[in-house]
Amino acid sequence: MSDNHSPIASNDTADVKAKPLHFIQQIIRKDLEQGVHSKIATRFPPEPNGYLHIGHAKSICLNFGMAEEFGGICNLRFDDTNPEKENEEFVNSIMEDVKWLGFQWDGKVKYTSDYFDQLYAWAIHLIKNGLAFVCDLNAEQMREYRGTLVEPGKNSPYRERTVEENLALFEKMRAGEFEEGSCSLRAKIDMSSPNINLRDPIIYRIKKAHHHQTGDKWCIYPSYDFAHGQSDAIEGITHSICTLEFEDHKPLYDWFIQHLPVPAIPRQYEFARLNINYAVTSKRKLKQLVDEGYVDGWNDPRMPTISGMRRRGFTPASLRNFCERIGVTRSDGVVDVGMLEFCVRDDLDKNAPRAMCVLRPLKVTLTNYPADKVEILTVHNHPNRDDLGDRAIPFTHTVFIEQEDFREEANKKYKRLVLGKRVRLRGAYVIEADEAIKDATGNIIEIRARIIEGTLGKDPEDGVKPKGVIHWVSATQHLDCEVRLYDRLFNDEAPDAGGKNFLDAMNPNNLEILQGCKAEISLGNSIVGNNFQFERQGYFCLDSKYSTVEKPVFNRTISLKDSFGKEEQE
RNA sequence: AGGGGCGUCGCCAAGUGGUAAGGCAGCGGGUUUUGAUCCCGCCAUUCGUAGGUUCGAGUCCUUCCGCCCCUGCCA
């Protein structure tokens, strides 16, 4: 990069086009260049009311990514203004997910609730300036007064209370003297604004709920609008990045900043949230899948949650790369899951050691191989990475191959084992099938075959090369295991599109559990967090929830790209 | 009396008045002891629409069309 002395290097950099900056990067670069800020600060502000999903990963990568890229800081701030829906379990899972993705927040974890005292004082400031009032309208009345999208609202009958009266009433609210829903504190802005957010929005409401951070200290809680911008200001956030649906809130965000003695002026910028087809990314719907038992918890490997994907075998690098590739814009769109799948395969192909595991075993007896002989073969852990080393595999008289890798007869396109034909056993011998033994119902239960002498690491001397290579495992020295094959949770490309119930779109075959799978013994050393490619099958990892030493359980993260399977279907 | 956004290849996405990047998917071909990877090639005479301005428009102006968000004491 800094090699200015090499003409080759400089030619290279001239030839390689730099990735264009997205609009947030352009804004930040300009702010830095023009001295609007000397150092930027962002924040990732999740509400701890659920687990993080792939959509949050985009926001995390953006916020932490900007801080990293431009030498600034990024805070993790829990937006905890609604104690009824939030809890510590969610707080902990969110911290874990952010760290797992590879990001570190600046200093201590922040909570909006850290600022409740300040926010309360600012509410009083607003009241004293005649900019907020206690309103006794109930929820239903409030709705009537609010007007509609096409009609202005009308002023609350309580709007003109005196400052003294409001101060006294708000203090009583805080002291718990009123019932929930009986009154609220509202900003006094404009009931006729075409922007409904400006029609005297509620800034404090009564909730006699225990808060996971502040306990029972408060029975009134600030609204999102009253808390977010001011929290940004307190933390010195320069670029407050959020999703598009908050754009209508920006005038209100700015209104509070303008009318309160805040220590800094943060700016809000909006980008399009991530949508992925064949999936739902709504905390409400994900929660429903969990609560109603459609999946095995928030971290079910089929869930698009960060924790589910982690358990499934996705890597932080693959997720970060995905977020990098999809870009950051202001136009809503739906990213094809194929893009995500490409990113996992790409990372795992480059980095996952290879191993062999037979999912649906078919016994092969090598009739010309001594029954008691065991050869320890050495095979590479990766076809193009010597640094990943080699491993030992026992070769024996009987082996297992995949049921689908044998056919009694087949056309020339079939490159596996066929009766009377040859195939290469990966890293071992070329074998030739002589006989298929069947049970009473005609199912093939065993193959009798011969090894072709001298084919270890070499082609047959008679010049008859096998057409293909298949994976195998010793029938006498292997590891019995369970393998779980996941398919997409939904068959519908847009399960949560308007009008339909997303549960109706669920794929009934989204999980296939295979028992009695035969893995090579080296896999017995694997630990949770390791990723493997089971050759010719896909990428797998140990399941963190169900795997035990006695009975390993492997999750298929993603299959290998399969041009043969696609061709067969046609 | 409505307001705020967004429309560039099947999908994502550059483009910031000078003659349509890139990635995913797809399709051909090559290498291969993984039907994987890798490599090579193909894949938008046109940017929602219709006008206008200009020597020149995806970029500027106007018209219309389509989609998304907003009427929680959720965030």
Side-chain angles (χ1 to χ4, degrees), chain A residues 17 19-22 26 45-47 49 79 81-82 84-85 135 137-139 142-143 146-153 180-186 192-199 201-207 220-221 223-225 227-228 242-251 270 272 277 283-284 325-343 345-346 349-350 354 356 379-380 382-384 413-416 424-428 430 455 457-459 465-471 533-538 559-568:
Chain A
K17 270 201 170 162
K19 185 168 165 60
L21 301 183
H22 57 64
Q26 292 181 28
E47 181 189 12
N49 67 344
D79 212 341
T81 57
N82 187 357
E84 289 164 353
K85 293 185 176 174
C135 182
L137 255 27
N138 63 34
M142 189 92 71
R143 203 175 311 124
R146 188 157 35 226
T148 70
L149 292 177
V150 295
E151 293 166 318
E180 282 187 24
S182 64
C183 60
S184 61
L185 184 69
R186 298 221 262 162
S192 67
S193 172
N195 182 342
I196 293 178
N197 294 124
L198 263 22
R199 316 237 266 229
I202 288 179
I203 62 180
Y204 260 98
R205 72 282 212 215
I206 300 168
K207 279 186 189 291
I220 57 171
Y221 292 92
S223 64
Y224 162 84
D225 287 306
H228 206 95
C242 63
T243 43
L244 251 24
E245 68 268 28
F246 290 100
E247 184 151 33
D248 289 341
H249 293 248
K250 184 151 57 182
E270 312 85 19
N277 56 16
K283 272 194 211 169
R284 204 208 101 232
R325 280 168 181 269
I326 57 175
V328 179
T329 68
R330 290 176 59 85
S331 51
D332 326 275
V334 182
V335 175
D336 195 308
V337 273
M339 190 89 85
L340 217 207
E341 294 175 347
F342 167 82
C343 291
R345 289 195 180 105
D346 188 47
D349 171 61
K350 290 180 172 67
R354 262 103 255 226
M356 292 195 282
V379 297
H380 295 306
H382 192 107
N384 14 289
K413 300 196 99 175
Y414 189 75
K415 307 201 312 194
R416 309 173 188 182
R424 158 78 65 183
L425 293 184
R426 178 91 225 235
V430 171
T455 53
K458 281 182 264 183
D459 282 333
K465 287 173 64 171
K467 273 191 300 198
V469 181
I470 62 174
H471 60 281
Q533 183 196 101
F534 287 178
E535 293 213 42
R536 304 206 311 129
Q537 296 287 349
S559 66
L560 249 34
K561 216 166 82 180
D562 179 16
S563 53
F564 176 69
K566 192 162 43 181
E567 189 179 301
E568 284 277 281

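Throughout, a chain's letter reflects where its sequence line sits, starting with A, and its residues are numbered from 1. Given the structure is predicted, the values throughout are model-derived calculations rather than measurements.
For B/G48, the base is anti relative to its sugar; the glycosidic angle deviates from 0 by more than 90°.
Residue contacts for A/R416: at a heavy-atom cut-off of 4.0 Å it reaches a base atom on one of the strands shown. Here A/K561 lies in heavy-atom contact (under 4.0 Å) with sugar-phosphate atoms only. Across all strands, A/Y414 comes closer than 4.0 Å to base atoms (heavy-atom distances). Heavy atoms of A/E535 sit under 4.0 angstrom from at least one base atom. Looking at heavy-atom distances under 4.0 Å, A/G181 makes contact with a base.
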**Request:** Starting from the C-alpha separation in whole Å, work towards a yes-or-no answer on salt bridge (Lys or Arg N to Asp or Glu O under 4.0 Å) for A/D562 and A/R536.
**Result:** CA-CA 9 Å; A/D562 179 16; A/R536 304 206 311 129; over 6 Å; no

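OP1 or OP2 of B/C73 has at least one side-chain nitrogen or oxygen of A/R146 nearer than 4.0 Å. For B/C6, one of the phosphate oxygens OP1 or OP2 lies less than 4.0 angstrom from a side-chain nitrogen or oxygen of A/R330.
We find that NE2 of A/H382 is positioned 13 Å from C1' of B/U32, with the value rounded to whole Å.
Comparing B/A1, B/G15, B/A36 against the side chain of A/Q26 picks out B/G15 as the nearest.
Classification of A/E270 and A/K250 as a salt-bridged pair holds, one side-chain N sitting under 4.0 Å from a carboxylate O.
Ring-to-base geometry does not place A/Y224 in a stacked arrangement with B/A75 (centre distance under 5.5 Å, plane angle under 30° required).
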